[in-house]
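What follows is a short report on a single structure.
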2 protein chains.
Amino acid sequence: MDINDLQTFLAVAESGSFSRAAERAFITQPAISKRIAALEAELGARLFDRVGRRIQLAPAGIALLPQARTILDGVGEAKRRIAALSRDIAGPLRLGTSYHVGLHRLPPALRQFYIAHPNVQLDLRFMDSEAACHAVEQGDLDLAVVTLPRGSNARLRREKVWDDPLEIVVAAAHPLAAARRLRLQALAEYPIILPVPGATTREIVLAALAPVRRNLRIGLETNYLELIKMLVSIGLGWSALPHTLIDGDLKVVQIEGISIVRELGVVTHAARTLSNAASAIIEAIRATK
Amino acid sequence: MDINDLQTFLAVAESGSFSRAAERAFITQPAISKRIAALEAELGARLFDRVGRRIQLAPAGIALLPQARTILDGVGEAKRRIAALSRDIAGPLRLGTSYHVGLHRLPPALRQFYIAHPNVQLDLRFMDSEAACHAVEQGDLDLAVVTLPRGSNARLRREKVWDDPLEIVVAAAHPLAAARRLRLQALAEYPIILPVPGATTREIVLAALAPVRRNLRIGLETNYLELIKMLVSIGLGWSALPHTLIDGDLKVVQIEGISIVRELGVVTHAARTLSNAASAIIEAIRATK
DNA sequence: GATTTCGATTTCCAAAGGTTATGGATATAA
DNA sequence: TTATATCCATAACCTTTGGAAATCGAAATC
């Protein structure tokens with residue numbers, strides 16, 4: 001049974017004539033005859049009584065009429081709902097973000113998006129970047145705004161939004177803070193404070209420090225950059241931190257030939273269709289770049 | 001858009017696989033691919049995300065799913081109404097019944113119906129009463145002949161056919177079997193054997209035993225009254241059973257002020273048109289009352 | 001009785017919808 | 001890792017369906 005058949009039935013029933021239904025549907029009258037005949041065959045009942053040169057609804061037709069309307073209403077509603085998906089920015093949006101990105105990069109985009117799209121139910125979850133990427137891969141999050149992972153993963157689509165340069169820092173009161181120029185070796189004599197193993201930022205920092213990696217003394221590990229900043233500022237060691245975290249308690253140390261940059265951005269599933277809400281918030285994030 | 005396309009969509013969404021949907025519909029997998037592709041083209045939206053070798057509902061698919069069900073329900077209702085106009089009693093009839101009712105109450109009606117209406121393809125399924133009611137609600141069964149549920153459910157139409165009084169029984173050799181008159185407290189010292197949690201009969205029995213409910217020792221649980229009878233008759237505890245199951249191995253114990261009655265009958269969907277076959281078998285069941 | 005109007009029927013063609021065979025991607029097993 | 005199996009997409013092919021055009025027969029209308 002085709003939806004067109006039901007529409008045809010309705011047109012015939014309402015116009016009381018095969019010919020007029022044909023005009024209305026912009027097809028020929030024999031086509032109408034065929035469609036009705038097919039419907040009658042499928043339902044095993046006569047829908048119209050052909051009385052001479054006019055027609056009349058048969059009992060089965062009377063029974064079908066309201067049902068046909070119901071069914072066609074349902075089809076229309078389905079089409080409308082799907083069409084609305086391409087217009088409306090609404091519905092649930094599960095967004096994961098790392099602590100640092102969520103606190104220092106995301107707020108403007110979030111604020112703008114929240115005002116512009118009140119019909120989105122935003123489910124914002126803080127977690128570390130790696131967990132967020134994994135959740136996106138599993139379909140548990142619509143998108144993640146995090147430190148972009150280094151390796152390539154075919155299941156994830158990554159879009160860099162911000163470069164986030166990291167500076168090597170020591171406490172303002174640290175012995176090395178006075179030095180104008182410093183060699184890496186000198187730093188390596190003091191303990192480094194690093195993100196926990198597995199964290200992308202840790203990998204990036206260690207890769208940049210490759211020349212002295214063997215000599216590094218790892219002092220403390222934490223999963224939270226703010227904590228690293230605090231630990232460095234009270235003199236427990238040195239580290240690499242983004243500009244946004246550096247203040248008077250810290251001294252930036254320039255080292256020849258060493259530059260550390262991590263990339264922050266959006267991670268989505270490569271094969272899943274983005275909801276409008278997800279696309280919209282990505283657009284908002286790009287706009288704050 | 002064809003009704004078959006929607007059915008295909010539903011089959012794919014429910015089975016989570018094009019291949020399984022193909023098996024279910026008795027057509028080849030490429031045909032399913034084509035149908036879904038045609039639907040997607042017509043609706044202008046992707047319905048499934050093909051993630052590697054598996055698929056997942058895309059946003060438009062999520063929106064379509066409930067609508068597709070509504071539409072297909074409408075089509076089914078239309079066919080049923082038209083079929084009901086004809087007098088002949090034929091076609092498929094899916095009947096669910098509980099073990100006990102199916103074995104002890106239904107056979108005469110079934111036999112008569114089967115002889116009188118050979119053109120009905122009867123699909124008789126044994127299951128517990130609660131599952132049968134649920135299946136009726138979902139449209140997976142045309143009717144259920146079961147222990148009537150206690151709570152009211154607007155989606156179900158219930159018709160009591162039989163009162164089924166339950167008697168408290170112990171084994172013939174049980175210490176309490178000798179007593180002429182018994183108080184409930186005395187019984188409560190021995191373990192009771194009950195239907196599994198969730199079963200309506202269990203609720204009815206427990207409600208009737210409310211005065212001593214706190215003190216009841218629940219010995220064993222099973223989903224099958226015949227089994228309860230066996231367990232009671234070998235002396236593992238007492239229980240409440242319908243007359244039909246009581247024989248010389250059991251002794252009925254009368255207790256002042258306690259009477260337990262469950263209702264057996266027919267459950268149908270409140271909003272669906274009954275097929276002629278369904279109406280006929282209900283009539284046959286009433287006749288055996 | 002001629003004419004008009006309407007639905008049914010026939011013939012023809014294009015499109016739709018199915019099957020088989022095959023390919024690419026990806027889980028699963030060895 | 002390699003082999004294998006599984007799953008969806010695609011291509012080629014064929015049958016069936018569905019529409020147009022032409023025509024027919026019956027019944028209102030003039």
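A note on names: the letters A, B, ... follow the listed sequences, proteins ahead of strands, and every chain is numbered from 1. Computed from a predicted structure; not experimentally measured.
- Side-chain N or O atoms of T70(A) include one that pairs as donor or acceptor with a backbone N or O of P66(A) at under 3.5 Å.
- The nearest whole Å value for the distance from the NZ atom in K34(B) to the P atom in dA11(D) is 11 Å.
- Residues D2(A) and G16(A) each lie close to DNA chain C; by heavy-atom proximity, the contact nearer the 5' end of the strand is made by G16(A).
- With the nearest nucleotide of DNA chain D identified for both R54(A) and N4(A), N4(A) has the one nearer the 5' end.
- Side chain of T28(A), nearest nucleotide from dA9(D), dA8(C), dA21(D): dA21(D).
- If you check the side chains of S275(B) and R80(B), you find no donor sitting under 3.5 Å from an acceptor.
- Going from atom CZ of F18(B) over to atom P of dA25(C) covers 18 Å, rounded to whole Å.
- Of all nucleotides listed (dG17(C), dA22(D), dA27(C)), dA27(C) comes nearest to the side chain of R155(A).
- When the nucleotides dC7(D), dG7(C), dG19(D) are ranked by their closest atom to the side chain of R20(B), dC7(D) comes out on top.
- The distance between atom CD of E23(B) and atom P of dT6(D), rounded to the nearest whole Å, is 11 Å.
- The neighbour count for Y114(A) OH, taken as heavy atoms of other residues, nucleotides or ligands under 6.0 Å away, does not exceed 12.
- Nearest nucleotide to the side chain of S19(B), out of dC7(D), dG18(C), dA21(D): dC7(D).
- Atom CZ of R54(A) has 12 or fewer heavy atoms from other residues, nucleotides or ligands within 6.0 Å.
- Between dG7(C) and S33(A), no contact under 4.0 Å exists linking OP1 or OP2 to a side-chain N or O.
- The existence of a salt bridge linking R50(A) and E40(A) is confirmed by a sub-4.0 Å separation between a basic side-chain nitrogen and an acidic carboxylate oxygen.
- Atom CD of Q29(A) and atom C1' of dA8(C) are 7 Å apart (whole Å).
- Between I27(A) atom CD1 and dG18(D) atom C1' there is a gap of 9 Å when expressed in whole angstrom units.
- Here R35(A) does not reach the OP1 or OP2 of dG18(D): none of its side-chain N or O atoms lies under 4.0 Å away.
- Summarising the geometry, the separation between CZ on R46(A) and C1' on dA8(C) is reported as 11 Å, rounded to the nearest angstrom.
- Atom-to-atom, CZ of R50(B) to P of dG23(C) comes out at 21 Å; the value is rounded to the nearest Å.
- Going from atom CD1 of I55(A) over to atom C1' of dC6(C) covers 10 Å, rounded to whole Å.
- In the set dG19(D), dT19(C), dA22(D), the nucleotide with an atom closest to the side chain of P30(B) is dT19(C).
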